[in-house]
Asks: 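Dropping the structure in here first, questions after.
Just so you know, ligand 1 is whichever comes first in the structure, and atom 1 is the first atom listed for that ligand. Keep in mind it's a predicted model, so treat the numbers as computed, not measured.
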Amino acid sequence: MKPKKIAIIGAGTAGLATGIRLQSQGYDVTIFEKNEKVGGRMYHLEDQGFHFDVGPTIVMLPEVYKELFSYSGANPDDYIQMQLLDPLYQLHYHDGTSLTLSSNLTTLMKTLESAFPEDAQGYLAYLADIYKRYSIANAEFIDHGFLKLKDILNVKNIKDTFRLRTFNSAYRSISKFVKSEKLRQTLAFQTLYIGVSPFEGPSIYTIISMIELLYGIWYIKGGMYSMAKAMERRFLETGGTLLTSTPVSSVLIENKQAYGVSTNKQDYLFDIVVCNADFPSAVSNLIPLEHRGRYTPKKFKNMQYSSSAFIIYLGLDKKYPTTVHQIRYAKDFKKNIQDLFAPRLPDDPSFYLYSPTQIDASLAPEGKEVLYMLVPVPNREDPSFHWDETMTQAFYDKMMDRLTQIKTFQDIKDHIQVSHIYTPKTWEETFHLMHGATFGLKPILLQSNFFRPQANALPVKNLYFTGTSVHPGAGIPIVLKSAKIVSDIILKEYPL
Ligand SMILES: Cc1cc2nc3c(=O)[nH]c(=O)nc-3n(C[C@H](O)[C@H](O)[C@H](O)COP(=O)(O)OP(=O)(O)OC[C@H]3O[C@@H](n4cnc5c(N)ncnc54)[C@H](O)[C@@H]3O)c2cc1C
C-alpha cells in the first residue's frame, strides 16, 4: 500500500516538527511555506555579515528540542549544539539597581539573600509550589490533546484543574510568597513571553519563570535560527518535500473531508492536511465558511488576542560588553502592562535586550556586535495601531533615545552599521498572524487547555491543526509538543 500523502501548510516550528515526525515514520509529507525561508516566527535576517534572530531568543527545556531529532532516528548533537547560560539574565530596575540572575543556585541564593533578605525563603517556597503544579500541568494538560468530550468532562480533569489552582492571576499568586515589588516583577514578567498580562493571566503561567530558574536558559550555537535550519535539514534528509515561496490559498474540502490544498497556480491532492499557519488567520482565510464549525467570523471577533512586539535589530560597528539577555523594567510596571491591553502605546515601556554576540562571534563580522531590542506593544486589533511609516519612525526614535540613556549604550547611535525594524504590522503580514498578535490567541483561562482550539478543531475529516494558537499554546517547546500531539493522532488514526 502506498504511504498516506500529507500536506502541511506552513514551515514554522510546528510544521517542520510535524513533517519530521511523520516523514520519519514512513508517511509522504510535503510542506508548503509562503515565505522564501523556513522557520516562521523563528525567522532570520542577514545584512552585511550580521545575523539576527527575528523572533524567539530564549531556549527553555532543551530536551524537548532534542527529542524531535532522536525520535526521527538522529543524534540531536549532530544538529544543534546547546550551552547553559550563566548568568540567565541581567535585570535592571527603574531605581537604577540591578540584579544578575545566576543559573547556579549557590550563587543565586547569595544574590537573593543580599538583595531581598526578607524574601529568600518565600522565593524557595514559590519555587516548590509552582514546581508541584508544573508536574500536574505537564502530565495532565500539556502532553496530550482534548479531542473528545469525554477527554474534557471527566472527574480527573476537574480535580486536576482545581489542583492547578490556576484561577488567580500570576502576579497575585507570586505576591503570596514574596513581598518585594522588584522580586515580584522578576518572577511575573515572563507571562509576557506568551502575550498575556501577569495581572490577568492564569497563575499557572508563572511556570515560565520557574522553568528558567530550575532548568536554565540555554543557547543554541549559531542562534535560534540554527534550530530552524536543523529542522529543515532533518526533514529533507528523511525524504520530505519542501515548497517555499508557495502560499496556500485554500484547503480543498468535499463531503466534510479535506482532500488537498490549492495555491493560486494549481490544486494538489492529499489524503491528510495539517495546518501550521496560525489558527485564527488560517481558518478565516483558507477554510470555506460552511466548514468552519463554531469558529465563525463572529467567534474570532469575540476571542482575545495576545500582545505584540516592536523589535529593533542593530548591527553595531563596535563591541558593547553586556550580557546575552537583559530586561529593563518600566518605572510603573503595572501601568506599562495595563497599557498593553488597554490598548495604549506605552510611554515608558519595559524592554528586553538580546546580544548573542557576547558568546557567539559567528553572528557578526569581527569586532562587531548584534543587539536586539524587544518592546512589548499592543496588537493591531484597534485600528489606531496602523504602524505606518510615521508611527514606526517616531517609536523607533523614542526607543533609541531610551537606549542612549543607558550608560553602556550612550554612543550607540554613532555606531549603527545596519538596522531593521519589525512592527505588529510586519508580524501580521509576514507570518499571517491575526492582528499581528505575536503569540496568537491570548492564553486566558477560557482560551487555555480544553478551551483552546484543539488539533481536530473543525468538523472536517482528514484536517488537523498545529502551532501556537492551538493547544497547548505558545513558545518553542510548547509548539513542539503540539506537533507531537497532532502526529500521534495521525499515527493512530491512519496507521501505516
Ligand atoms: C518576538 C517573539 C519572541 C519570541 N520569543 C520566544 C522565546 O524567546 N522562546 C520561545 O520558546 N518562544 C518564543 N516565541 C514564541 C515562538 O516563537 C512561537 O510560539 C513559535 O515560533 C511559533 O511557531 P508556529 O509553528 O506555531 O507558527 P509560525 O512560526 O507562525 O509558523 C507558521 C508558518 O506558516 C506560514 N504560513 C502562514 N500562512 C500560510 C499560507 N497561507 N501558506 C503557506 N504558509 C503559510 C508562515 O509563514 C509561517 O512560516 C517568540 C515569538 C515572537 C514572535
Side-chain angles (χ1 to χ4, degrees), residues 7-19 31-43 53-62 64-65 190 192-195 208 211-212 217-220 223-225 227-228 231-232 242-251 261-264 274-287 306-311 313 325 352 354 372-377 379 422-424 426-434 436-441 443 465-470 472-483 486:
I8 298 180
I9 306 170
T13 302
L16 287 167
T18 306
I31 302 183
F32 295 78
E33 168 55 49
K34 73 177 269 293
N35 293 324
E36 61 184 25
K37 286 189 299 194
V38 300
R41 279 164 260 194
M42 191 194 266
Y43 215 54
D53 281 323
V54 163
T57 56
I58 295 174
V59 179
M60 287 178 234
L61 301 174
V64 181
Y65 288 63
Q190 287 80 345
L192 287 182
Y193 295 177
I194 50 173
I208 304 174
I211 289 169
E212 291 180 339
I217 294 179
W218 295 71
Y219 179 76
I220 303 181
M224 196 58 119
Y225 196 62
M227 178 65 184
M231 287 192 287
E232 177 187 33
L242 174 65
L243 303 176
T244 50
S245 304
T246 312
V248 167
S249 53
S250 67
V251 175
V261 297
S262 184
T263 65
N264 284 333
V274 178
C275 186
N276 168 223
D278 207 48
F279 185 80
S281 158
V283 172
S284 308
N285 295 303
L286 307 182
I287 308 290
S306 63
S307 54
S308 189
F310 179 93
I311 307 187
Y313 310 89
H325 302 293
Y352 157 78
Y354 168 58
Y372 157 130
M373 179 188 208
L374 183 156
V375 191
V377 293
N379 67 43
Y422 261 52
T423 72
T426 328
W427 294 110
E428 179 165 1
E429 289 171 356
T430 313
F431 304 109
H432 289 173
L433 304 181
M434 192 176 274
T438 34
F439 311 97
L441 289 172
F465 294 87
T466 185
T468 298
S469 285
V470 297
I476 302 299
I478 304 300
V479 300
L480 287 171
K481 297 259 184 191
S482 157
V486 80

Asks: For ligand 1, does Glu33 get within less than 4.0 Å through its side chain, its backbone, both, or neither, judged by non-hydrogen atoms?
Replies: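 Glu33 to ligand 1: contacts from backbone and side chain alike.
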Asks: Which bit of Ile311 is near ligand 1, meaning a heavy atom under 4.0 Å away: side chain, backbone, both or neither?
Replies: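 Ile311 to ligand 1: side-chain contact only, backbone stays beyond 4.0 Å.
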Asks: Evaluate Val248 for polar contact with ligand 1, using N/O atom pairs at a separation under 3.5 Å.
Replies: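 Checking ligand 1 against Val248, an N or O pair does fall under 3.5 Å apart.
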Asks: Could you go step by step and tell me if Met434 and Phe279 meet the side chain to side chain contact (heavy atoms under 4.5 Å, CB included) rule?
Replies: CA-CA 9 Å; Met434 192 176 274; Phe279 185 80; over 6 Å; no
Asks: Can an N or O of Tyr193 be found at a distance shorter than 3.5 Å from an N or O of ligand 1?
Replies: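 Among all N and O atoms of Tyr193, none is under 3.5 Å from an N or O of ligand 1.
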Asks: Can you measure from OG1 (Thr246) to CG (Asn264) and round to the nearest 0.5 angstrom?
Replies: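 If we round to the nearest 0.5 Å, Thr246:OG1 and Asn264:CG are 11.0 Å apart.
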Asks: Val59 vs Ile476, test: side chain to side chain contact (heavy atoms under 4.5 Å, CB included). Steps then yes/no.
Replies: CA-CA 8 Å; Val59 179; Ile476 302 299; over 6 Å; no
Asks: Does only the side chain of Ile476 get under 4.0 Å from ligand 1, or the backbone, or both, or neither? Count heavy atoms.
Replies: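 The answer is both.
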Asks: Are the aromatic ring centres of Phe439 and Tyr193 under 6.0 angstrom apart?
Replies: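 No, ring centres 6.0 Å or more apart.
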Asks: Measure the spacing between OG1 of Thr244 and CZ of Phe32 and express it to the nearest 0.5 Å.
Replies: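 Reported value, rounded in 0.5 Å steps: 11.5 Å.
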Asks: Which is it for Phe439 and ligand 1 at heavy atoms under 4.0 Å: side chain, backbone, both or neither?
Replies: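 The side chain, only.
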Asks: Applying side chain to side chain contact (heavy atoms under 4.5 Å, CB included), run through Glu212 and Ile58 and close with a yes or a no.
Replies: CA-CA 9 Å; Glu212 291 180 339; Ile58 295 174; 4.1 Å; yes
Asks: Decide whether the shortest distance between a heavy atom of Gly39 and an atom of ligand 1 is less than 4.0 Å.
Replies: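 Flag set, Gly39 near ligand 1.
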Asks: Quick check on Phe32 - does any of its heavy atoms sit under 4.0 Å from an atom of ligand 1?
Replies: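 Right, Phe32 reaches ligand 1.
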Asks: Among Tyr313, Tyr225, Tyr43, Tyr354, find the residue that satisfies the side chain to side chain donor-acceptor pair (under 3.5 Å) test when tested with Asp53.
Replies: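 Exactly one option meets the side chain to side chain donor-acceptor pair (under 3.5 Å) with Asp53, and it is Tyr354.
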Asks: Measure the distance from atom 28 (P) of ligand 1 to every protein heavy atom, then report the residue, atom name and distance (to 0.1 Å) of the closest one.
Replies: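 The protein heavy atom lying closest is Arg41 NE, 3.6 Å.
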Asks: Mark the output for Ala483 as yes if a heavy-atom distance to ligand 1 is under 4.0 Å, and as no if none is.
Replies: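 No, that is not the case, since the closest heavy atom of the residue is not under 4.0 Å from the ligand.
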Asks: For atom 9 (N) of ligand 1, tell me which residue out of Ile58, Asp53, Thr18 has the closest non-hydrogen atom.
Replies: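 Looking at heavy atoms only, the winner is Ile58.
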Asks: Kindly compute the distance separating OG1 (Thr423) from CD1 (Ile311), expressed to the nearest 0.5 Å.
Replies: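 It comes to 10.5 Å.
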Asks: Report the part of Val479 in contact with ligand 1, treating N, CA, C, O as backbone and CB onward as side chain, heavy atoms under 4.0 Å; options are side chain, backbone, both, neither.
Replies: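 Near ligand 1, Val479 shows its side chain, while the N, CA, C and O stay back.
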Asks: Among Gly440, Pro56, Ser249, Ser482, which one has a heavy atom closest to atom 14 (N) of ligand 1?
Replies: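 Result: the heavy atom closest to atom 14 (N) of ligand 1 is in Pro56.
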Asks: Show me which atoms of ligand 1 lie under 4.0 Å from any heavy atom of Ile9.
Replies: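 Counting atoms of ligand 1 from 1, those under 4.0 Å from Ile9 are 40 (C), 42 (N), 43 (C).
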Asks: Taking 4.0 Å as the limit for heavy-atom contacts, which would you say applies to Trp427 with ligand 1: side chain only, backbone only, both, or neither?
Replies: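 Just the side chain.
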Asks: Test your reading of the structure: does Asn35 have an N or O sitting under 3.5 Å from an N or O of ligand 1?
Replies: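 There is such a contact, yes.
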